[in-house]
Amino acid sequence: MQKQSNMPYAIEVQNIVKTFGPVIATNQVSFKVKKGEIHALLGENGAGKSTLMSILYGLYRPDSGILKIDGEVVSFKSPKEAAQKSIGMVHQNFQLVSTLTAFDNILMGLPESWWRGRNWRFKKVKEIESLAKEYGLSFEVERAVWQMSHGEKQRVEIFKALYRQSDIIILDEPTSVLTPQESDDLYRTLKKLKETGKTIVLTTHKLREVMHACDHISIMRKGKMVASMPSSETNERDLARKLMGEMPVEVRRIEKSESSTKPSKNLLELQEICAKGLHGEQALNDLSLFVYPGEIVGVAGVAGNGQKQLAEIITGMQNPTSGGIKFKGKWINHSSIKGMIDIGIAHVPEDRLHTGMAGSLDAVDNLLMKDYKKEKHSNLGIMKHSRNLDWAKSIINNYDVTTPSANYPVRLLSGGNQQKLLLAREIEGDPALLVANHPTQGLDVGATASVHNLLLDMRSRDRGVLLISEDLDEILKISDRILVIYQGMITGEFEPSKATREEIGLYMTGSKTQFNVGALA
Ligand SMILES: Nc1ncnc2c1ncn2[C@@H]1O[C@H](COP(=O)(O)OP(=O)(O)OP(=O)(O)O)[C@@H](O)[C@H]1O
Ligand SMILES: [Mg+2]
């Protein structure tokens, strides 16, 4: 082997193979990360990124291949052994215990977690608070994890790794659940950590942030490492080509013609809705909006401004404390999830594994979950198994979901493939209205374009879409109308062709507001 410079790599893997039954997740992968760099690992959904990261972290043992940390060959039997070599990981699906507080999660498993009295706890909380502040990671130390936003949970996970004095920090898709603002904060933190000599490896699908924030980029495709270069030697276009082996699919946006007449009746109308948040706070504040058939309405906003409650109210997961909901011209009182599904409202929730799917069930059962009683799928309570299997297989095929079989538990699918399956189920039900909360979260460039095309297809079939997203590019690309949500109110309404990112940004941060815009139905 060629002699390296004196400085060993922080991470060096050679010819790693990892299979799961029939799936070859990583196929002879070699990968090197220099000490003190921010290294991005890119790849389409199912390329093998999370698997490789989990091998570095000792969660999976490779079938064959060599792993070196700081030049020393290692063979981790567990994450504990990886932690002893100063490796910490922030997972794609968070690993925190949701019923415990951040404090308990951070100290879990450490000798210092043993109870040493109230005074000790008070001091420890203060210590964690000030350390977290130093790293630029803000979260409520004494809050239960289930009450936290995605961004907050993630900050707890990162802090947890740092608290264990990790020198190498692995982050699996750290920004897919973050707002643009939170992503900027995260990269600022990562740069700070890099300056103190930490090595960072992260996976992501967001090419723009990679170009801005990372020193080196490696690319996997279908289980193989296909390229590795400093970010100064590439650009977004080049990356997209290397990622997919071809140019990404274009989004087929067709502008509505000026002459196309607006339908006379709106599909959904919310009138002065008020609702409470998780902590009893006023999450929606006299919010009014409407969606017409054949329209994609984008709701832009910084996370935590009522988006979650907005989606929950429309999909029957929560009832408003006051205000009215009208769907297809009829008032809905005391909605339930089932009631909303029955009248044609579908939902892509932001938390796909917990709210959207049953992880231990297979693709067939997850696809059938909402519609199993329909005649197409069952007869007098008896499932039409072979028909349902063929039906599920054709959906898997049409939506390009990578899975060894339709009978594979969905929790074992890659994050992006879980998301594709969920979207497939909701869109296949042909709802009149789809409430899509971050529908492309965790999807690769090609899959994102496919989802945008699916939403545009819904629009052309006169369905309504409420697209809730923090990704302004996404909102500007496919919405017919953009609303901005701020502190539980709609504070601005824009036509995408006339709006600029900067202007919308001012409304998202509350610097500007138009009045009564939502109530103009
Ligand atoms: N524990 C597991 N059991 C069985 N198959 C698995 C397991 N983990 C991963 N796989 C399979 O290995 C392949 C690679 O998955 P991996 O999660 O590494 O992809 P990824 O690049 O992280 O994708 P994404 O961007 O969608 O998160 C996929 O086909 C996945 O279904
Ligand atoms: Mg992954």
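Ligands are counted one by one from 1 in listed order, and the atoms in each one are counted from 1 as well.
When heavy-atom distances to ligand 1 are checked against a 4.0 Å cut-off, His205 comes that close only through its side chain, counted from C-beta outward. At a 4.0 Å heavy-atom cut-off, ligand 1 touches Val23 through the side chain alone.
Across Gln154, Gln441, His205, a single residue satisfies side-chain hydrogen bond (donor to acceptor under 3.5 Å, both in side chains) together with Glu173, and that is His205.
Among all protein heavy atoms, the one lying closest to atom 3 (N) of ligand 1 is Phe20 CD2, 3.4 Å. Residue, atom and distance of the protein heavy atom nearest to atom 17 (O) of ligand 1 are Ser414 CB, 3.4 Å. With hydrogens left out, the protein atom closest to atom 18 (O) of ligand 1 is Thr51 OG1, 2.6 Å, a heavy atom. Residue, atom and distance of the protein heavy atom nearest to atom 30 (C) of ligand 1 are Leu412 O, 3.7 Å. Protein heavy atom closest to atom 4 (C) of ligand 1, with residue, atom name and distance, is Tyr408 OH, 2.7 Å. The protein heavy-atom contact nearest to atom 25 (O) of ligand 1 is Lys49 NZ, 2.7 Å. Among protein heavy atoms, atom 14 (C) of ligand 1 sits closest to Gly46 O, 3.5 Å. Scanning all protein heavy atoms for the shortest distance to atom 12 (O) of ligand 1 gives Ala25 CB, 3.5 Å.
Checked by atom type, the side-chain pair Thr199/Glu37 shows no donor-acceptor distance below 3.5 Å. Side-chain contact annotation: Ser228 with His216, donor-acceptor N/O pair under 3.5 Å present. Side-chain contact of Ser414 with Asn417: a donor-acceptor pair under 3.5 Å is present, judged by distance alone. A side-chain N or O of Asp104 and one of Thr101 form a donor-acceptor pair less than 3.5 Å apart. Side-chain polar atoms of Thr175 and Glu209 form a donor-acceptor pair below 3.5 angstrom.
Backbone and side-chain nitrogen or oxygen atoms of Thr402 are examined, and none is located within less than 3.5 angstrom of a nitrogen or oxygen of ligand 1. An N or O contact shorter than 3.5 Å links Gly416 to ligand 1 by distance. Of the polar atoms of Gly442, none of the N or O atoms is found under 3.5 Å from an N or O of ligand 1, judged by distance alone.
Ion pairing of Arg461 with Asp430 is present here, as a side-chain N (NZ or NE/NH1/NH2) and a carboxylate O approach within less than 4.0 Å. In this structure, Lys242 pairs ionically with Asp238, as a charged nitrogen and a carboxylate oxygen lie closer than 4.0 Å.
Proximity to Glu44 (heavy-atom distance under 4.0 Å) selects the following atoms of ligand 1: 21 (O). Residue-ligand proximity, Asn45 to ligand 1, at heavy-atom distances under 4.0 Å covers atoms 23 (O), 24 (P), 25 (O), 26 (O). The contact set between ligand 1 and Leu413, taken as ligand atoms under 4.0 Å from a residue heavy atom, comprises 31 (O). Residue-ligand proximity, Tyr60 to ligand 1, at heavy-atom distances under 4.0 Å covers atoms 1 (N), 8 (N).
The closest approach between a heavy atom of Met220 and any atom of ligand 1 is not below 4.0 Å.
Note that Lys68 lies outside the cation-pi zone of Tyr9, set by a 6.0 Å cut-off to the ring centre and a 45° limit from the axis. Taking the centre and axis of the six-membered ring of Tyr372, the NZ or CZ atom of Lys370 falls outside the cone set by 45° and 6.0 Å.
Distance CD1/Ile16 to CG/Asp63: 9.5 Å, rounded to 0.5 Å.
Under 2.8 Å from the Mg ion (ligand 2) lies an N/O/S atom of Ser50, whether from backbone or side chain.
Residues Ser231 and Val210 are not in side-chain contact: their nearest non-hydrogen atoms beyond the backbone lie 4.5 Å or more apart.
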